[in-house]
Amino acid sequence: MNISIAPNQQTERANYKLLTGSIIPRPIAWVTTLAANGKVNAAPFSYFNIVTADPPMVSVSVQRKQGTPKDTAANAMREGEFVVHIGDEASIAKLNQTAASLPPDQSEVEYAGLTAVPSEAVRVPGIAEARIRMECVLERAIPLGGSEASPATDLLIGRVVRFHVDEALLDEGRIREQTLAPVSRLAGSSYAKLGERFSLDRPL
């Protein structure tokens, strides 16, 4: 028997638990931005996906804190650029470290002992340890949720202007997912590795 639940009759936290426990596994965007003082900010976000391939665009939803944009969203909106990386099994421990709540003038890249690498098409550096990174220009930032005076999130749409991919991952333009060994987000503090795969033919 299904239980019917009205979102407007329970707390935001209760809705959060239902969403993050149901919509799994979620890919993780490991995002770098430039702070106003030039420091490189880095943070992981699991509200992340593809928007379109023509031109290539990705979306990252950055939840606000009491109506105030987080550093990643504020930096991306100010500079108009950010870099998205794909976290994997080799980098997950340091990715998790970059989730620390540091002051805006401190770098999570430095804090986690990561290596900043210059980008080619944007000013924002990337993370050398990531085997896939996408340099993005901000196509659009859309405040959503909450109230008109105090939105709950900033939806960032980034247009990818440069891909950087470890050549060991490439097979005639396709990504070898087993070699990449991506990590996804579940609920709470749980993550998942790439599991059993299967194929189905699309109907004609």
Test side-chain contact (heavy atoms from CB on, under 4.5 Å) applied to Lys65 and Ser101, step by step = CA-CA 12 Å; Lys65 285 186 177 179; Ser101 297; 3.9 Å; yes
Whether [X] side chain and [Y] backbone form a donor-acceptor pair below 3.5 Å:
X      : Y      : value
Ser22  : Leu18  : yes
Asn75  : Asp71  : yes
His85  : Arg133 : no
Arg78  : Ala73  : no
Arg26  : Leu186 : yes
Arg174 : Glu177 : no
Lys193 : Ala181 : no
Arg176 : Ala168 : yes
Ser119 : Ala121 : no
Ser150 : Ser147 : no

For residues [X] and [Y], determine if any side-chain heavy atom of one lies less than 4.5 Å from a side-chain heavy atom of the other.
X      : Y      : result
Val58  : Val51  : no
Leu169 : Arg131 : yes
Met134 : Ile86  : yes
Tyr47  : Ser59  : no

Just checking, any donor-acceptor pair under 3.5 angstrom between side chains of Glu79 and Thr33?
-> no
Just do the side-chain contact (heavy atoms from CB on, under 4.5 Å) check on Leu138 and Met77 with the steps written out, would you?
-> CA-CA 7 Å; Leu138 183 64; Met77 289 187 286; 4.2 Å; yes
Full working for side-chain contact (heavy atoms from CB on, under 4.5 Å) between Gln106 and Glu110 = CA-CA 8 Å; Gln106 292 186 23; Glu110 295 174 8; over 6 Å; no
In terms of hydrophobic clustering (I, L, V, M, F, W, Y; side-chain heavy atoms under 4.5 Å; direct or indirect links), are Trp30 and Val40 co-clustered?
-> yes
Let me know which of Glu81, Glu120, Glu135 forms a salt bridge (charged side-chain N to carboxylate O under 4.0 Å, His left out) with Arg162.
-> Glu120
Take Lys70 and Arg64, measure what side-chain contact (heavy atoms from CB on, under 4.5 Å) needs, and give me the verdict at the end.
-> CA-CA 6 Å; Lys70 288 184 178 177; Arg64 292 192 178 193; 5.9 Å; no
Is atom CD of Gln178 surrounded by more than 12 heavy atoms (other residues, nucleotides or ligands) closer than 6.0 Å?
-> yes
Around Asp201, counting heavy atoms of other residues, nucleotides and ligands shown, do more than 12 lie under 6.0 Å from its CG?
-> no
Ionic contact status for Glu108 with Lys39, cut-off 4.0 Å = no
Give the minimum heavy-atom separation between Ala141 and Pro143, together with the two atoms involved.
-> O-CD, 3.7 Å
Specify the closest pair of heavy atoms between Ile175 and Val165, including all atoms of both residues, with the distance to one decimal.
-> CD1-CG1, 3.8 Å
The residue among Ile28, Leu156, Thr72, Val84 that forms side-chain contact (heavy atoms from CB on, under 4.5 Å) with Phe45 is Thr72
Looking at residues at least two apart in the chain, or sitting in another chain, which of them share a side-chain hydrogen bond (donor to acceptor under 3.5 Å, both in side chains) with Gln63?
-> Ser61, Thr153
